[in-house]
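Reading through the structure tokens given below for one structure.
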Amino acid sequence: MSYSVELDFRSDTVTQPCAEMREAMANAPVGDDVYGDDPTVLELEHYVAETLGKESALFVSSGTQSNLLAILSHCERGDEYICSQYAHLYKYEAGGAAVLGSVQPQPMLANADGTLDLDAAERLIKPDDMHFARTRLLCIENTIGGIPLPLEYEQQLRAFKQSTGLALHLDGARIANAAVYHGCSLKDLVEVFDSVSICLSKGLGAPIGSILVGRSDLIAKARRWRKMLGGGWRQAGVLAAAARIAFDRRDSLAQDHARAQELAERLSSLDFISVDQSLVKTNMVFAQIDCDHDALKAELSKHGISLSLGKPTRLVVHRHISQKSIDTLIAVLSTVK
Ligand SMILES: *Cc1c(COP(=O)(O)O)cnc(C)c1O
């Protein structure tokens, strides 16, 4: 059977633009965004900045670019940032800040709930001494591995910021999932951060785009870096029109979360699969699938099912995963062992 997005559990990045997005894209008023002339981009940037309670925003091509621009704007050559050793911006972004910005990472172990021990982070801050890189920034990720950080963590971050003077960046690729989980506003979740990156192209369903928000002077620096990196784009309103619809659709993530719960329960009912259901908080399920993965892969592909089999296997629920998708997956898995 051929590929079907309804049976693609690999990631929420596989989501496709809906009819409403495609229509908005076709009709979007556009201009040259490098000149600051694209009304649809400007409106999106304005709207997202205001919704997050920040001064300014920059619409960019990807979450990787957005995080990179944030680090380059907070740090100078020879500076460093502290982050989790599992942080996407450290582990999965090709070392961009080191390669392109001469900014070194100082990774540290994370707690099981995804938080960083901020006392330990403080001890990693290097003294002002010519032997050391200058520690400038702490990067936090929320959600991380599908887990929303606890609301109380914000107070600890606030105290950390006050006592250390470091800037705080949030890789909030899936911060909308965290807001839905906690039932709070995005603004409340991001208040303590100096910059925030949000992916619009994951569970929110835009075809392309992330957005970086923060103080106006920081975003102005990021805009300059974006141009240098070849990320200045022209009639990008075509993409911003879809991104705006995605951003306004945040509440619909609740359905993905409910389906992820159901998926976790039903996977657990199969005797060769185990899932720690206490770790299923948003749209991700991590399953240990104990069988021959090559044989399983062949069987799944016969039915058009896409999974990233691994140890563990991550299954991601998104807007194209319906009740029927889950029924089909469970039915096929039930036949393999
Ligand atoms: C996906 C992701 C990114 C990067 O986004 P891309 O658009 O794929 O470059 C950054 N951080 C986190 C936590 C992500 O999940």
Side-chain angles (χ1 to χ4, degrees), residues 2-34 36-52 57-67 143 171-181 185-187 196-213 226 231-260 282-284 304 306 316-325:
S2 58
Y3 173 78
S4 155
V5 74
E6 285 86 16
L7 294 172
D8 192 342
F9 293 85
R10 290 173 302 167
S11 177
D12 47 8
T13 53
V14 301
T15 42
Q16 300 199 354
C18 60
E20 188 193 352
M21 283 181 185
R22 289 178 186 267
E23 193 185 326
M25 293 170 83
N27 297 318
V30 295
D32 187 331
D33 182 51
V34 173
D37 281 351
D38 190 300
T40 311
V41 170
L42 291 174
E43 191 188 271
L44 174 74
E45 290 176 343
H46 227 87
Y47 178 68
V48 175
E50 195 172 285
T51 306
L52 269 69
L58 182 65
F59 182 48
V60 303
S61 62
S62 70
T64 301
Q65 188 177 70
S66 188
N67 282 328
T143 61
D171 178 358
R174 296 188 179 83
I175 192 66
N177 295 81
V180 164
Y181 174 83
S185 70
L186 281 181
K187 190 172 173 172
V196 184
S197 169
I198 302 180
C199 285
L200 301 161
S201 61
K202 294 194 169 163
L204 296 172
I208 294 175
S210 284
I211 196 153
L212 179 67
V213 296
R226 186 186 67 168
W233 43 11
R234 305 295 180 178
Q235 286 71 31
V238 171
L239 299 174
R244 170 63 188 260
I245 292 169
F247 186 70
D248 275 339
R249 211 186 244 168
R250 305 189 291 285
D251 290 344
S252 73
L253 295 171
Q255 186 170 70
D256 298 348
H257 298 182
R259 290 213 168 108
T282 60
N283 65 337
M284 290 184 193
S306 307
V316 186
V317 175
H318 52 74
R319 52 191 298 101
H320 304 295
I321 298 292
S322 64
Q323 189 67 46
K324 193 163 154 243
S325 311

| Among all residues two or more places apart in sequence or in another chain, which pass the side-chain contact (heavy atoms from CB on, under 4.5 Å) test with Leu186? | Leu52, Ile175, Ala179, Phe247, Arg250
| Qualifying residues under salt bridge (Lys or Arg N to Asp or Glu O under 4.0 Å), relative to Asp33, sequence neighbours excluded | Arg226
| task | Applying salt bridge (Lys or Arg N to Asp or Glu O under 4.0 Å), name anything that partners Arg22, two or more places apart in sequence or on another chain. | result | none
| message | Does Tyr47 form a side chain to side chain contact (heavy atoms under 4.5 Å, CB included) with Asp248? I'd like the steps, not just the answer. | response | CA-CA 10 Å; Tyr47 178 68; Asp248 275 339; 2.6 Å; yes
| said: Any non-hydrogen side-chain atom of Asn283 less than 4.5 Å from a side-chain atom of His318? | reply: no
| query | Should Val48 and Val213 count as side-chain neighbours, where that means a heavy-atom distance under 4.5 Å? | reply | yes
| For the residue pair Thr51 and Lys187, what are the closest heavy atoms and their distance? | O-CB, 3.5 Å
| query | Within the side chain of Glu6, is there an N or O that forms a donor-acceptor pair under 3.5 Å with the backbone of Ile321? | reply | no
| field | Leu212 side chain near Phe59 side chain, heavy-atom distance below 4.5 Å | value | no
| field | Ser210 and Ser66: side chain donor to acceptor below 3.5 Å | value | no
| Value rounded to 0.5 Å, distance of CD1 in Ile198 from CZ in Arg174 | 13.0 Å
| query | Which pairs pass salt bridge (charged side-chain N to carboxylate O under 4.0 Å, His left out) with one or both residues in residues 200-210, sequence neighbours excluded? | reply | none
| said: Using the side-chain contact (heavy atoms from CB on, under 4.5 Å) criterion, which residues pair with Gln255? Sequence neighbours excluded. | reply: Arg259
| field | Shortest non-hydrogen separation from Leu200 to Leu204 and the atoms involved | value | O-CB, 3.6 Å
| note | Hits for salt bridge (Lys or Arg N to Asp or Glu O under 4.0 Å) against Asp37, two or more places apart or cross-chain, chain-then-number order -> none
| What pairs with Ser325 under side chain to side chain donor-acceptor pair (under 3.5 Å), at least two apart in sequence or on another chain? | Ser322
| field | Residues forming a side-chain contact (heavy atoms from CB on, under 4.5 Å) with Pro207, sequence neighbours excluded | value | Pro17, Met21, Met25, Ala242
| query | Which atom pair, heavy atoms only, marks the closest approach of Ala24 to Ile245? | reply | CB-CD1, 3.6 Å
| message | Can you give me the closest heavy-atom contact between Asn67 and Ser197, atom names plus distance? | response | OD1-CB, 3.6 Å
| said: Rounded to the nearest 0.5 Å, what separates atom SG in Cys199 from atom CD1 in Ile208? | reply: 12.5 Å
| message | Tell me whether Asp171 contacts the main-chain N or O of Ala173 through its side chain, where contact means a donor paired with an acceptor under 3.5 Å. | response | yes
| query | Pairs in or reaching into residues 2-27: which pass ring pair (Phe, Tyr, Trp, His ring centres under 6.0 Å), with residues at least two apart or in two chains? | reply | none
| said: List the residues meeting salt bridge (Lys or Arg N to Asp or Glu O under 4.0 Å) with Glu43, not counting sequence neighbours, and say none if there are none. | reply: Arg244
| query | Going by heavy atoms in the side chains, are Val5 and Thr15 under 4.5 Å from each other? | reply | no
| message | Closer than 3.5 angstrom, by distance alone: can the side chain of His320 be matched with the main-chain N or O of Gln16 as a donor-acceptor pair? | response | yes
| request: Give the minimum heavy-atom separation between Thr282 and Asn177, together with the two atoms involved. | output: CG2-O, 3.9 Å
| message | Nearest 0.5 angstrom please: Leu239 CG to Trp233 CH2, how far? | response | 5.5 Å
| remark: In short, Leu42 meets Gly36 closest at the heavy-atom pair CD1-O, 3.3 Å
| query | Residues in side-chain contact (heavy atoms from CB on, under 4.5 Å) with Val30, at least two apart? | reply | Ala28, Asp38, Gln235, Val238
| query | Are any of the side-chain heavy atoms of Glu45 and Glu50 separated by less than 4.5 Å? | reply | no
| note | Sorted by chain and residue number, the ring-ring contact (aromatic ring centres under 6.0 Å, His included) partners of His257 (sequence neighbours excluded) come out as none
